[in-house]
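Residue numbers start from 1 in every chain, and the chains themselves are labelled A, B, ... in the order their sequence lines are given, proteins ahead of strands.
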Amino acid sequence: MINITFPDGATRQYEAGVTANQIALSISEGLARNILAAEVDGQVIDVSRPILADTTIKLLTWNDPEGKATFWHSSAHLMAEALEVLYPGTKFGIGPAIEMGFYYDVDFGDRQFSSDDFERIENKMLELAKTKSEYVRKSISKAEAVDYFTEKGDEYKLDLIKDLQDGSITFYTQGNFTDLCRGPHIPHTGFIKAVKLMNVAGAYWRGDETRKQLTRIYGVTFSKQSELTDYLQLLEEAKRRDHRKLGKELELFTFSEKVGLGLPLWLPKGTALREKLIHFLQRAQVKSGYEQVATPHIGHKNLYITSGHYEKYGADSFQPIKTPQEGEEFFLKPMNCPHHCEIYKSKPRSYKDLPVRYAEFGTVYRYEQSGELHGLTRVRGFTQDDAHLFCRPDQVKEEFKKVIDLVLYVFNALGFEDYTAQVSLRDPDNKAKYIGSDENWHLAEMAIIEAANEKNMSTIVEYGEAAFYGPKLDFMVKDALGRKWQLGTIQVDYNLPERFELDYTGSDNMKHRPVMIHRAPFGSLERFIAVLIEHCAGQFPLWLAPEQFIILPISDKYEDYAKKVLESINNADIRGLIDSRDEKIGRKIRDAEVKKIPYMLIIGEKEMSEGLISVRRHGKGDIGSMAIGEFKDQLIKEITV
RNA sequence: GCCGAUGUAGCUCAGUGGUAGAGUACUUCCUUGGUAAGGAAGAGGUCAUGGGUUCAAGUCCCAUCAUUGGCUCCA
């Protein structure tokens, strides 16, 4: 008998060789029907694998991420089987599960393939799923594996086998399809009840652009048709919220081929939104002891040679601008920190002066590859809400905490309530690739971890994810649809102070090197606004709405009263307008609703004679009539919340 | 940069090798109205660009450009 321990700490006894499936059955029939895989001692295995010794077990179902991954990985095999039936001679690369579904990289040879073929494949997959073919695992020697795929003529699988150790190789077979695979898999194909192939894309074999490009087919599967329907609805909703679509509809920004790729043009309403965000953050920063600085859009080549950016990212910058006489080279600035370092150097610094905090909404330009550009989230010119903090090593933790406060304040104010923070540390096994002393790294890493802990943040720690110049803390927010976005970042930097030979005079009257902290709560305004648009579906909180209210007169007879109302409400923080068009009130309301203007003020005979306004809230409808002053107080209250 | 898809009116999109279309927005006129689209008329086009096939190309072929889904990269 062996002891099996469950996640809740309970222990049960089973005969050695028991399978996860049998264990599930011993708990309940329902569980046995739904179990997809099992995690045994931290390793995910097939439910049919015998368990020989005492161990901990977690039975995985659709509700576990690992269960989903197993389900989708098995679905990739099912798709491969369907492809082999429909397109004989197809060669297979890799077919993993991904965050939402799976893909398989395949080589169709000379065959043309497009999304028109999806339906055939989906139908074939469902047909094969109905056979409830078991996924059968088989250990196999390297020689046998090589023979199998040599005969099949699949050079990709042979390439994969080359790197595998003899003795560790397994095949999985379902129906007539056998694949090299380490597993695990779901019990049989019958679990797969709903299939949707999503898109097709090119992908280099092993991500290497010198190798052959394969066809990558993305798909997603579910065990219930209704789950697929829900998922497709979510995608529809995401499409509806797409910032590129809303940006056009709400007249926030546009792009022009003539101006250039990836260079957003901010329209008046989008600019209003930008300005409000900038002022909001500036106010918060002034409170936190930041000073605003301003630097030019270009910098001398030598600046970037000093900073090291030229060597590392010169090719990803726009090519240099030359002065006509001297032929000196300038780069459009790809970041603000070198400029800020020079500001730090503009005068001698004492330890008493630190920390120094320089903030700038600096517009930077980076040459992103054309295929990379995407709406506002990937552009070639964008504005960072950048700041650089120069502090003593003993101040790093305290400064870090203050920055965390600022970032969280910003997220909360903008309605991003669900966030996680990733602490990115050095790869402990490869310290050589990082710059800076062990002592400083240790200090900085501990400072970040302690700062995050003291702020009670839920953090994930990733080793080897640090920048070469220092550890960092990245903030990921979840938007209203549950999608994750990386926004703010805080980074500790030992490299630039070194390269720019920054120093300060300590209490010991000796020169010391300051530590630099880079931070950007928004990341970039462009990207942040894109995420914000999608998060709130274009319905901005009142204080950010480009147009906060609109007055809708019943007819032109009330135009004068409308103007009076507008004048008495408008001030520095609240701006509205009048819809004076010769349209009926229903039409004016509809148009204002479509434009997502938060408040509509309807005025006609009744309101004018009583000196009131009828108020309508976007998405809610009529909320009754009130005095102008009362409405104004309500707006101010809503804005300051 | 590479692979796939797409490109028709300001916007959203129909269009079968044979005279360029709709809805909406826009302009003018009528209408003066009560909580999500009042009526009429008008104007608006190098069918992305350049080649080719054809008696004839928005439609078929090739190239280029842009958009888009991916790949690669991301200070």
| field | Check: A/Asp582 side chain, B/U32 base, donor-acceptor under 3.5 Å | value | no
| said: Rounding to an integer number of Å, can you tell me how far A/Leu214 CG sits from B/G70 P? | reply: 18 Å
| How many Å lie between CD1 on A/Ile550 and P on B/A36, as a whole number? | 15 Å
| task | Check if the side chain of A/Glu607 and the base of B/G34 share a donor-acceptor pair of N or O atoms closer than 3.5 Å. | result | yes
| Short side-chain N/O contact to B/G69 OP1/OP2 from A/Arg244, under 4.0 Å | yes
| task | Could you check whether A/Arg617 gets within reach of a base, just the sugar-phosphate, or nothing at all, counting any heavy atom under 4.0 Å? | result | nothing
| Could you state the CD-P distance from A/Glu251 to B/G10, rounded to the nearest angstrom? | 15 Å
| remark: Closest to the side chain of A/Leu261, out of B/C71, B/A66, B/A36, is B/A66
| task | Starting at atom OH of A/Tyr218, determine the distance to atom P of B/C3, rounded to an integer number of angstrom. | result | 17 Å
| A/Ser555 has a side chain; which of B/U35, B/G33, B/G70 sits nearest to it? | B/G33
| query | When we call it a touch if two heavy atoms are under 4.0 Å apart, what does A/His374 touch: a base, just sugar-phosphate, or nothing? | reply | sugar-phosphate
| note | Closest of B/A75, B/A36, B/G34 to the A/Ile585 side chain is B/G34
| said: Looking only at the side chain of A/Val594 (C-beta and beyond, no hydrogens), which of the listed nucleotides B/A36, B/A75, B/G38 gets closest? | reply: B/A36
| Only one of A/Val220, A/Ile217, A/Ile94 clears side chain to side chain contact (heavy atoms under 4.5 Å, CB included) with A/Tyr103; which? | A/Ile94
| field | From B/U12, B/C73, B/A75, nucleotide with atom closest to A/Arg378 side chain | value | B/C73
| query | Can you check the A/Met608 CE to B/U32 C1' distance for me, whole Å? | reply | 13 Å
| note | To the nearest 0.5 Å, atom CD of A/Glu534 lies from atom CG of A/Asp479 at 7.0 Å
| B/U12 phosphate, OP1 or OP2: any side-chain N/O from A/Lys245 under 4.0 angstrom? | no
| task | Output the single nucleotide from B/A75, B/C2, B/G38 whose closest atom is nearest the side chain of A/Tyr204. | result | B/C2
| Going through the checks in order, is the side-chain contact (heavy atoms from CB on, under 4.5 Å) test met by A/Tyr599 and A/Phe631? | CA-CA 10 Å; A/Tyr599 285 102; A/Phe631 174 68; 3.8 Å; yes
| Sole residue of A/Tyr367, A/Phe318, A/Tyr365, A/Tyr310 in ring-ring contact (aromatic ring centres under 6.0 Å, His included) with A/Phe331 | A/Tyr310
| Atom pair distance, as rounded to whole Å: OH in A/Tyr367 and P in B/A75 | 18 Å
| said: Can you tell me which nucleotide in B/U35, B/A36, B/C11 comes closest to the side chain of A/Ile602? | reply: B/U35
| Nearest to side-chain heavy atoms of A/Ile554, which nucleotide of B/C73, B/U35, B/G33 | B/G33
| query | Separation of A/Lys584 atom NZ from B/A36 atom C1', in whole Å? | reply | 14 Å
| Carboxylate-amine/guanidinium contact A/Glu249 A/Lys245, below 4.0 Å | yes
| remark: CE of A/Met198 to CG of A/Leu235, rounded to nearest 0.5 Å, is 4.5 Å
| message | If I take atom CD in residue A/Glu610 and atom C1' in nucleotide B/G34, what distance separates them, rounded to the nearest angstrom? | response | 13 Å
| message | Of the listed nucleotides (B/A36, B/A75, B/G34), which one gets closest to any side-chain atom of A/Met335? | response | B/A75
